[in-house]
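Encoded as structure tokens, the structure appears first; notes follow it.
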Amino acid sequence: MATTTQAPPRVLRRPVEAPSGLWSWLTTVDHKRIGVLYGVSSFLFFLAGGIDALLIRLQLGKPMNELFSPDHYNGFVTMHATTMIFMALMPMSVAFFNYIVPLQIGARDVAFPRLNAFSFWVFLLGGLIMSSSYLVDAIPNQGWYGYAPLTIREYSPGLNVDFWIVGLQILGVATIAGAINFFVTIINMRAPGMSLMRMPLFCWMTLITTVLILLAFPVFTIALTELLFDRHFGTTFFDSTRGADPLLWQHLFWIFGHPEVYILIMPAFGIISEIIPVFSRKPLFGYAAMVLASMAIAFLGFGVWAHHMFTTGAGPVAYTFFALSTMLIAVPTGVKIFNWLGTLYGGSINLRPPMLFAVGFIGTFVIGGLSGVMHGTVPVDWQQSDSYWIVAHIHYVLFGGTMFALFAGIHYWWPKFTGTMLNDKLGQATFWTMLVAFHVTFFPMHFLGTAGMPRRMSIYPTGTGWDFWNLVATVGAFALAASVWLFVMNAFISLRRGEPAGNDPWDGATLEWAIASPPPVYNFARIPTVSSRDPLWVEKRSEETAVELGFAPRRAVAVVADPVEARVHMPNPSFWPLVAAVGLSMIFAGFLMPWYLGAFPLITLLGIPVLMVGITSWSFEPAG
Amino acid sequence: MPETQQPAGRDDKEPGRTSPAGRAARRQTAARQRWLRLAAALLPLIALAFLSACANEAIGGPSGEPLDASTIDVKSDWNQDIFNLYTLVFLLAGVVFIIVETALLYSVFRFRRRPGDRLPRQIHGNNLVEIGWTLAPALLLVVVAIPTVQLIIRQESPPPPDSLRVEIIGHQFWWEVRYPDLGVVTANEIHIPVGRTAAFSLTSADVQHAFWIPKMGGKKDLYPNRVNQMHFNPFETGVYYGQCSELCGESHAFMKLRLMVDEPAAFDRWAAEQNVPTTPLFDDRARFERGQLLFNQCVACHVLYGHPNPAANQPAGKIGPNLTRIGSRTTIAAGWLDNTPANLVRWIRNPDAIKPGNKMIAFENLSQEDLEALAYYLTSQK
Amino acid sequence: MSRDYPGADAEARHGSTAHDAHAHPTPATYIKIAVILLIITIAEVVVLYIPSETEGFGLTWFQPVLIPAFLILAAIKFVIVVGYYMHLKFDDSFFLRVFGFALLIALTIATAVIALFHGISL
Amino acid sequence: MARAIAHDEQGRLLPQAGHGDSDIHDHGHDDHGGEHPTSTGLNNVKVLMWTFIASECLLFGSLISTYLAVEGRTIPNTPGPELFDIPYTSVSAFVLLFSSLSMVLALAGLQAGDQRQLRIWLFVTAALGLVFLGGQYYEFSTFYFEEFWLDKNFLGSSFFLLTGFHGAHVTVGVIWLLALWLYSLRYGIAPEKSLLVEISGLYWHFVDVVWIVIFAVVYLIPYSRIEGGGH
């Protein structure tokens with residue numbers, strides 16, 4: 001039955017034991033290793049963005065604080081958002097895509113392993129190039145949304161905006177490449193029997209996220225390219241001094257920017273939808289409704305962008321249209337929350353740390369969702385837009401939402417990643433500290449918004465009545481940092497001397513729990529055949545239980561204990577993706593070089609052959 | 001179930017293995033955690049109580065006038081409309097919030113796994129329930145949507161014909177204020193009469209700004225090459241605090257403004273005064289004249305009607321604020337500093353030290369005495 | 001070539017099923033299609049010059065329908081190339097759905113942006 | 001409740017798992033026992049290419065939207081659509097259309113097992129691409145000397161960015177086709193590997209399709225709206 005030991009495959013064209021050492025990591029094409037790389041680097045970026053946040057909160061802790069210059073403060077604000085969105089939350093979701101999706105759909109790797117490695121290296125180089133702006137004191141300081149005309153050379157002459165454009169262009173390539181890869185993987189690499197409507201919800205959310213990325217990121221690429229051309233080649237797209245309409249940037253940005261919000265939250269929905277059933281020991285309530293609701297959110301998500309522009313004077317027709325579409329999108333979002341509640345209801349709820357984070361996610365996300373509906377109400381938004389209300393809302397959605405879900409996912413899949421358990425007590429402590437600190441930090445921001453405090457203020461005078469709640473938020477922010485530190489401690493303890501996890505510590509329902517922790521290089525000794533939505537549960541539950549509960553007893557997963565297939569075929573390591581990523585980054589990084597030394601054309605032009613050598617060698621290197 | 005199927009979770013023991021005493025201890029722990037959770041849930045309410053306490057605190061800004069800018073301290077018809085809608089949405093959201101959180105907490109407590117629990121019923125869904133909770137929020141949103149659209153249309157329609165027209169031009173980092181019907185040009189302090197609709201045309205000379213006086217209503221963006229409109233009718237006199245609310249560059253946080261809502265008579269008097277040449281008030285003629293002479297260095301950027309230099313009376317091409325009757329303003333540097341001679345000296349000597357990135361050049365070469373004379377001259381322009 | 005093309009065999013298999021079911025067009029069909037495309041392109045240019053060349057003949061009414069005419073002609077060319085040269089007409093409907101959905105989103109957004117800039121924003 | 005036994009309902013429709021060797025190998029038709037068969041039966045690379053093309057729709061969609069959004073915002077005394085040489089561009093457009101024809105002929109040749117056809121038509125396609133690029137270079141330089149350039153006005157900015165982006169796509173396509181052509185000269189391409197050609201063909205046709213839209217939206221429509229019609 002459910003004994004899940006693997007004999008090593010008989011025929012492999014590469015060593016079974018993963019080689020160790022730096023070189024093996026630089027050349028790896030294994031989705032699990034790339035997932036780890038994504039996870040670690042995005043967590044480090046998360047810490048960097050968190051330090052930005054603490055600096056912001058330090059500055060705002062008291063009125064008339066001159067700890068940081070306004071310029072640096074604006075830089076922290078911009079980099080906090082940019083880092084968190086593009087370098088922490090998205091790639092951390094991608095880390096889960098990488099590690100979990102192939103396991104959940106019963107595949108040995110993603111569809112294009114080397115493209116996957118390429119995506120990671122491009123992401124890492126893009127993030128490093130963007131962060132290196134700190135070293136030369138040219139921190140992007142125009143806001144993460146980069147509204148033109150503030151970003152044109154006339155008003156932002158320094159390298160600050162160039163760092164932002166170049167960094168985001170590189171990160172965009174990584175994101176699009178990764179999205180195509182996971183789209184193909186989920187469409188094409190599913191195990192036999194795993195129809196789309198049997199996929200774990202996390203895979204569904206990944207699929208929808210990739211569609212959103214593929215449709216939204218090109219728009220941003222174009223907007224950034226136009227800005228880059230404005231700054232370097234004298235085009236006039238956003239040059240208001242030569243008559244441009246400043247709204248063009250806003251439209252292009254938010255056509256991308258709103259789907260981006262769903263790109264950030266969809267994986268979180270997926271993680272929560274995996275955890276809640278497992279820790280309630282009850283299948284997801286309304287699976288089909290969940291899938292349809294997510295599709296509806298993704299589709300409608302392309303029709304609501306101008307609700308970020310309710311103060312732009314777009315006119316009553318546009319206001320009405322986008323207000324109604326925004327309200328409409330609240331319906332499928334509500335459906336998702338109700339379905340989670342429906343799953344909890346009548347379950348057998350085990351409040352282990354992953355579940356705590358999941359429940360905390362629902363409770364917190366509801367507040368963010370409701371304040372979102374308030375912003376969709378145009379006249380109310382006239383007051384709340386660009387005030388601390390929005391800061392509160394975005395953090396309830398992205399920290400209380402996405403980040404809680406990612407922490408839930410980390411606690412849930414940690415045993416699978418590492419083979420060891422996280423400490424339960426420390427996990428509980430992390431959760432409770434984080435929950436309380438989160439609300440102490442961000443709930444007062446609603447009050448600040450109501451009290452008329454605009455966002456992105458590097459300094460505020462005494463006597464505004466904002467002092468107290470700002471101080472509270474600052475204290476909360478440091479408590480939040482402490483909760484993250486608790487998690488880091490927990491992780492280190494677990495890696496050093498954590499309890500062995502076994503294959504299936506949570507009584508999981510999906511395929512990844514059928515194999516060893518951490519999984520072997522080839523994942524599944526034999527590709528499983530799937531005949532239900534919760535294949536592992538169906539397999540694990542004995543006949544009598546199953547009959548009593550209305551299951552037909554059957555073996556749903558053919559992975560376990562079967563002999564290894566004769567033709568396991570794993571891809572060879574390759575360093576060409578890394579070479580191609582360096583070439584691509586050089587092409588963009590050239591724009592950061594000064595013209596007068598000829599360095600701008602030089603680095604960019606050197607990048608082209610490097611990229612071409614990378615891609616050509618990648619195409620022609622011998623098949624694995 | 002066979003042993004192998006047992007999940008490895010540690011608090012997932014079989015009932016027989018837990019002693020009665022252990023069970024009691026667990027129940028106690030559960031009760032304690034329940035209290036903790038309740039406290040966490042109550043936190044927002046406690047916080048709300050704090051807020052109401054703070055809102056009534058007497059507060060004063062640098063010039064002694066209140067700086068509080070609460071969006072729910074309603075002082076105009078427009079903000080009244082917004083506040084009514086806000087209340088409606090807030091209450092509905094509150095109801096939904098309470099329902100969802102109650103359901104969540106209830107489910108988590110009620111269905112908490114107890115030792116010996118059997119596998120719960122494996123329910124996959126219920127069409128009726130699902131249709132219900134799709135339609136109910138939709139209906140709720142219709143209740144919100146109707147007044148929303150009504151209010152959009154009302155606010156976006158033209159203001160009454162007898163409105164006072166005011167043009168606001170955003171600059172990095174100050175506000176130019178023009179009254180096209182009155183021929184008045186001023187900066188950073190806007191005077192309007194109480195009880196009459198003020199219709200604002202908003203545009204920008206450089207980057208994007210946003211014009212926001214929270215007690216009067218919402219905000220609206222100012223763009224170069226675009227003119228936006230907004231209007232409201234204040235129903236209480238007073239000084240209202242405003243602030244640029246769209247990141248517009250380095251000194252965005254210093255871009256404040258004051259809205260003075262005057263009695264109609266006081267407003268007319270103010271407007272009339274702005275149109276006649278200044279009669280400077282001073283008692284030290286030598287100092288005044290020295291300041292007047294020094295002001296010749298300023299006329300390239302600033303207008304000051306009544307200054308003998310013709311360039312000072314020529315508004316074309318000026319990039320700085322109009323300084324006519326600057327002595328009668330309460331603040332300088334876009335509402336950041338009190339209008340005192342000492343602050344003027346500080347400002348003129350090195351504006352960048354106060355508002356980094358602003359366009360005014362520093363006059364550090366001037367002696368303290370010269371600077372004071374200049375400040376004296378400006379202060380006399382009442 | 002590379003293992004990123006794992007399904008060369010699978011493709012051959014799939015390709016053969018596609019052949020059995022629909023049979024790809026022959027080179028002769030492709031050439032006919034190219035002729036049609038040539039004719040439409042010529043038509044576009046001719047249509048462009050109609051209003052100015054025929055002012056004396058009372059055909060000025062044609063000016064307002066020019067833009068729709070261009071859009072329709074371009075759409076026809078688009079559909080022909082995508083349908084025949086890219087085999088979308090004969091290939092698995094999955095590709096049509098992927099491409100069609102993206103096209104739908106792109107067209108909707110483009111229309112909305114253009115409307116916002118040229119019409120309803122006033 | 002209503003759907004309490006969904007497993008059951010669905011499970012029955014699928015091949016029973018776990019008995020004997022009913023694993024991946026009897027999924028799909030006549031798998032040659034080698035590579036991973038895919039869930040949809042569609043080739044991974046082909047799905048990748050179509051997904052990429054779908055994504056490109058948004059890329060060119062944004063460029064065209066920009067062009068149309070700023071179209072009509074004129075800076076006085078700067079050149080506009082009256083500079084377009086429609087007959088010249090329509091020849092360019094047909095060059096690209098014809099290259100699409102040669103591309104499908106190359107693929108058809110390969111699928112019929114005719115290496116000679118493949119090589120000829122691949123070369124013709126790449127050559128036509130080069131002719132198109134040469135035409136674009138000539139057009140750009142003409143415009144440049146007539147003071148119509150990307151830093152002159154909105155039309156210039158969006159025109160050159162859009163057509164330049166398209167030109168960059170053509171350039172990549174030409175390099176790709178030449179590489180394929182050299183490969184076919186050196187090693188030949190087996191008919192089973194026709195996917196290599198099919199994928200590059202999809203890309204090439206898409207680039208052509210984009211030009212169809214650009215020709216109508218960027219050239220013909222603005223030109224038709226200048227005062228006095230065509231001339």
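First the proteins, then the strands, lettered A, B, ... as listed; each starts at 1. What you see is a predicted model, and the numbers here were worked out from it, not measured in a lab.
Contact count against chain D (heavy-atom pairs under 4.5 Å) is highest for A/N188 among A/T235, A/N188, A/V211, A/I187. Comparing A/I180, A/I255, A/D239 by how many heavy-atom pairs each has under 4.5 Å with chain D, the most go to A/I180.
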Could you walk me through whether D/L150 and A/T236 pass the side-chain contact (heavy atoms from CB on, under 4.5 Å) test, one step at a time? CA-CA 8 Å; D/L150 47 71; A/T236 60; over 6 Å; no

For a side-chain contact (heavy atoms from CB on, under 4.5 Å) check, start with the C-alpha distance between A/M189 and D/N44, then their side-chain angles and the critical distance, and finish with the verdict. CA-CA 9 Å; A/M189 307 287 282; D/N44 277 346; 3.6 Å; yes

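Looking at D/F165, only its side chain comes within 4.5 Å of chain A, counting heavy atoms on both sides. Only the side chain of A/L248 comes within contact range of chain D, with at least one heavy atom under 4.5 Å from a heavy atom of that chain. In this structure, the portion of D/L161 lying under 4.5 Å from any heavy atom of chain A is its side chain and not its backbone. At a 4.5 Å heavy-atom cutoff, the contact between A/L252 and chain D is made by side-chain atoms alone.
Proximity to chain D at a heavy-atom threshold of 4.5 Å picks out A/T221, A/I222, A/T225, A/E226, A/F229 from residues 221-230 of chain A, in numerical order.
A 4.5 Å side-chain heavy-atom check between D/T40 and A/R190 finds at least one atom pair inside the cut-off. Contact annotation: the side chain of A/L115 approaches that of D/L48 to within less than 4.5 Å [non-hydrogen atoms, C-beta and beyond]. Contact check for D/T66 versus A/F237: side-chain heavy atoms found under the 4.5 Å cut-off.
Residues D/S55 and A/L214 come closest through the heavy atom pair OG-O, 2.8 Å. What you find for D/K152 and A/R242 is that their closest heavy atoms are O-NH1, 4.2 Å.
For D/W149, the ring-ring contact (aromatic ring centres under 6.0 Å, His included) criterion is met by D/Y144, D/F160, not counting sequence neighbours. Checked against side-chain contact (heavy atoms from CB on, under 4.5 Å), A/T175 has the following partners two or more places apart in sequence or in another chain: A/M90, A/I213, A/F217. Residues passing the ring-ring contact (aromatic ring centres under 6.0 Å, His included) test with D/Y137: none are found, sequence neighbours excluded.
Considering CZ of D/F52 and CZ of A/F183, their distance stands at 14.5 Å, rounded to 0.5 Å.
Open room surrounds CZ on D/F123; 12 or fewer heavy atoms of other groups in view lie less than 6.0 Å from it. Atom CZ of D/F148 sits in a crowded spot, with more than 12 heavy atoms from other residues, nucleotides or ligands closer than 6.0 Å.
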